[in-house]
Q: 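The structure is given below, and queries will be raised subsequently.
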Amino acid sequence: MSLRTTTEYIEDVSPGSGALPPRAWYASSDAESFSLNGDWRFRLSDTADAEDDSFAAPGYDAGDWAEVPVPGHWVLQGHGSPVYTNHLYPFPVDPPRVPTENPTGDHLRVFDLPGDWPADGDAVLRFDGVESCARVWLNGTELGEFKGSRLPHEFAVGRLLRPAGNVLAVRVHQWSAGSYLEDQDQWWLPGIFRDVTVLHRPAGSVLDFFVHASYDHTTGEGTLRVDSDVDGRVSVPDLGIDIATGEPVTVPVEPWSAETPRLYDGVLATRGERVPLRVGFRTVALSDGLIKVNGRPVLFKGVNRHEWHPERGRALDLATMREDVLLMKRHNINAVRTSHYPPHPAFLGLCDELGLWVIDECDLETHGFTEQGWRDNPVDDDRWTPALLDRAARMVERDKNHPSVVIWSLGNEAGTGRGLTAMAEWIHGRDPSRPVHYEGDPDCRDTDVYSRMYAGHAEVERIGRGLDGGPHRRRRLPLVLCEYGHAMGNGPGGLADYQKLFDTHDRLQGGFVWEWIDHGIAHPGLGYAYGGDFGEELHDGNFVCDGLLFPDRRPSPGLTEYKKVIEPVGITGDGTDGTVRVTNKHDFADLSALAFSWSYEVEGEAVDSGTLPVPALAPGASADVKLPAPPPAAPAGEAHWTVRAVLAAGTPWAPKGHLVAWGQLPAAERRTPYTAATARPVSGDGVIRLGPGVFDARTGALRAIGDIAVRDLRLDVWRATTDNDDGAPWQPDLRYGLLWRRLGLHRMRHRLDAVEAGEDALTVRTRVAPAARDTGLSTVYRWTSDGDRLRLTVGTVPEGDWTVPLPRLGIRFGLSAVDRVEWYGGGPGEAYPDTRTAAVVGRWRSTVEDLQTPYVRPQENGARIDVRWALLGGLRVEGDPAFLLTARRWTTEQLDAATHRSDLVPGETVWVNLDHGQHGIGSQSCGPGPLPRYHLPAEPAEFSFVFSAAAAPTAG
Ligand code: GAL
């Protein structure tokens, strides 16, 4: 039955044979179609030709085969296991050869045609995505074979279809020549992972068509022309358009933008078919060195999106795709790079409808060749060029009618070479209306934008100021950070500092945070699995969990931070002059969709609130808006104005009242806690008593405050290193996690030097230092009391040669019987010095459990910043100055040792850290570390806490 041997087609560098030419994708038309998604018979072999192809013949009995749902990846369906590598090929690099061990899944589906299936015309069988190489038979006839995992392939099948008992056989190989082009940083997941559909093609039906819908911002008119391989008519009733295909028409229109995604419903009607159109008028142009849409420069506030679902991998359903777009819109994200392959086509329909700028990226990455200095890189080898052009064409033809797609991307991390030039030339010729992007070629030969990943702030600023050299400068290309802000684990830090640069320098047109979602795989024992959890001999661990969403799509603190950093309305002021400055940071929309309100809060409790009339400012405009007089009856205490901008009416992506932007202005300053040192230390029975404090007389260790037992209170400088602390292996130096461990900061010893009970204070002198090093911290704990409250002042002086900042500086201690925590300070979520923009000063409550941020690989997390006071069960702590608060049911050492959430077992004790400071977070898991201003230098420091017994917080 077969035309070529297995090895011949698997290892053929050409894209395949038998498939129809690529064409525009559309979701529905009046032509019949039916889905072949569902349960298929399935047989897995270890090698590509362990079994012959007799299964493809009608009558084959697959009764003893397994069943798998299609779309899906068999390694997530109980057959074999997934493999994660970042850039390393998990097989010998010998292109285009692949290993003999080549998991191969035979798929069988028997189907009848629907009863009303038309007798005339042709039919097409469409695969929207199969990884990585498939060979297809229908009713025993071989249709062909193809590669290009995240691209559609169609076969003409009309002459083969029967009313009943059709046998569709698909042999899928995990590895093929195509795998060399698909070395993206993600799980290797073979399978038929997107839809399989049979489409009726009536005589005279639509083949390919290209909707050209441009917008002239100088006239307010749009021009529509639909080119079609089959002649027909195009109508757009709302615009009174009724034209022949190929004929242009110009009419006044409302333009499409990501902020105002105006779509016009239309129809392309040929003799045999009516295809619905959703037309968005917009013009993308590179002018004055900027990417402009409809005449205005755009600022990308984007994310990189891989397709991911913790159970289904890259087999996403429509609801999940919609959830992604809704979550993006609700977090002020306006752009998405489809890293690193064209997404399921329905995703782009959602971007058109709800409004996102899209960089549509081709399914191409050959990153593993970097290991051999890019020798044999397929993108610089003419034999592979047809496959590259096929990939470019399949993307462009499929997606060209989406107004949301504003930039084509050639692929990711594929080095440089003639193949890329060929792709760029072909794309520029086929679709001159969109710029071309590619990051990997420093010469920007084939691209229309200067794209970088993970450039540090200083370099980005230099580029913004035009102080860079090179071809991109000579050609006046705008800068886009196609990747920045590596969202692995706790972080990314420094987003606000990037945004300031983007807001300041026109040439910086924003960026795309890496990445949208953690690719953790739901695992019964581990919570979420990552690289290495399936016994892979080669893997890159939790580098696959670096998203703004946790695998279950719960937003991480990084996403909350990003939402605040990129909010489209600036609300600022210092609270001194009775006004708030409101700036419209949209590129296209005025502020009429938003309703503004103010509230006046004392110690985090709203005293009064009202609406704030704000003019419908044009994009880029600002106004100083008068605030009301402070409420006359407001109680004394620290006060803030909080101004919020919410949706004035429901939109397709969020309900009325959804918070878009906010700002807080100081109104009255905090009074720092004062305690008169009036009580005297009293010794007896092996203890020293000072006010409510009970101390061990020998060691000076605090045992209790009133009835509350306290254990192991002492200076703490260690935090369970974050992925960003640890840094990526290729980061040359200043990987703080390593430096800290080298210095021994994770194993500090506490030497007791003196316990001094004086007139009005108990003083405990210590030296805190690691074994094997001469560096240390001379640390003095000074306790005083006014009788009711106990004040601790910690003084530390570094000794020796400290060349690194500290991870943290503060105290830690253990409490029992704490469930609930209340605090006044930054919240409601986690925040660190360079991830603190989203922290609202307010009164917050939480359980200890809910204070934890569930990073897939456990690490430092959950700190609340700028805490003025906190209630931990019945213990009240006031900070002088404000502090960072962390409370958890395991120690830092246990957190540090854990590799998965399941390793963290709650104990009896709640371990509390009150930090005077923490080192910033940065983005060094794949980018720059924290900016120096967020370092916690080892230098003399003094800070105080005031403890007292209080009523424990209640639920709510
Ligand atoms: C980039 C790459 C991404 C991802 C990221 C690190 O170099 O383009 O695919 O690997 O680094 O998470």
Side-chain angles (χ1 to χ4, degrees), residues 83-90 149-150 179 181-189 302-308 314 336-343 359-371 374 377 379 409-416 420 437-442 447 449 451-456 480-493 495 511-520 530-531 538-549 551 556 558 722-724 726-732 735 855-857 921-929:
V83 173
Y84 166 58
T85 57
N86 168 12
H87 75 282
L88 297 177
Y89 288 104
S149 298
R150 297 104 200 177
S179 306
L181 305 181
E182 295 171 7
D183 190 26
Q184 292 93 345
D185 172 8
Q186 58 180 349
W187 294 98
W188 297 90
L189 299 177
V303 286
N304 281 279
R305 175 181 179 270
H306 268 291
E307 295 180 310
W308 189 250
R314 291 188 283 274
V336 57
R337 171 176 177 233
T338 70
S339 52
H340 300 300
Y341 41 82
I359 298 184
D360 195 359
E361 188 150 278
C362 198
D363 192 3
L364 173 63
E365 172 157 343
T366 62
H367 201 175
F369 286 89
T370 187
E371 292 289 309
W374 296 100
N377 183 8
V379 313
S409 176
L410 302 180
N412 186 58
E413 297 187 314
T416 59
L420 291 167
H437 165 273
Y438 175 66
E439 181 272 343
D441 184 352
T447 68
V449 295
S451 175
R452 292 287 305 277
M453 47 173 79
Y454 307 109
V480 167
L481 291 179
C482 69
E483 293 178 28
Y484 80 113
H486 196 248
M488 183 178 182
N490 187 336
L495 291 177
F512 296 76
V513 164
W514 186 268
E515 69 176 303
W516 178 236
I517 183 167
D518 287 342
H519 310 203
Y530 50 77
L538 206 61
H539 66 82
D540 287 291
N542 67 318
F543 202 62
V544 77
C545 292
D546 52 2
L548 294 171
L549 295 180
S556 78
T722 65
D723 293 317
N724 285 312
D726 292 339
W730 59 84
Q731 301 282 21
R735 292 172 60 194
Y855 294 114
V856 173
R857 185 192 73 82
I921 295 295
S923 195
Q924 220 186 6
S925 52
C926 190

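Just so it is clear, the values below take in all heavy atoms, side chains as well, and ignore hydrogens, waters and symmetry mates. Order of listing sets the numbers, starting from 1, for every ligand and every atom in it.
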Q: Return the orientation label for the His486 and Tyr454 ring planes: parallel under 30°, perpendicular over 60°, tilted otherwise.
A: perpendicular
Q: List the residues meeting side chain to side chain donor-acceptor pair (under 3.5 Å) with Asn724, not counting sequence neighbours, and say none if there are none.
A: Ser925
Q: Tell me which residues fall inside the under-4.0 Å heavy-atom shell around ligand 1.
A: Asn86, Asp185, His340, Asn412, Glu413, Met453, Tyr454, Glu483, His486, Trp514, Phe543, Asp546, Cys926
Q: Return the set of residues passing side chain to side chain donor-acceptor pair (under 3.5 Å) with Asn412 (not counting sequence neighbours), or none when no residue passes.
A: Arg337, His340, Glu365
Q: Once the angle between the rings of His367 and Trp374 is folded into 0 to 90°, is it parallel (under 30°), tilted (30 to 60°) or perpendicular (over 60°)?
A: parallel
Q: Tell me, do Glu439 and Thr447 make a side-chain contact under 4.5 Å, heavy atoms counted?
A: no
Q: Tell me every residue that passes side chain to side chain donor-acceptor pair (under 3.5 Å) with Arg314, counting only those two or more places apart in sequence or in another chain.
A: Glu131, Gln186
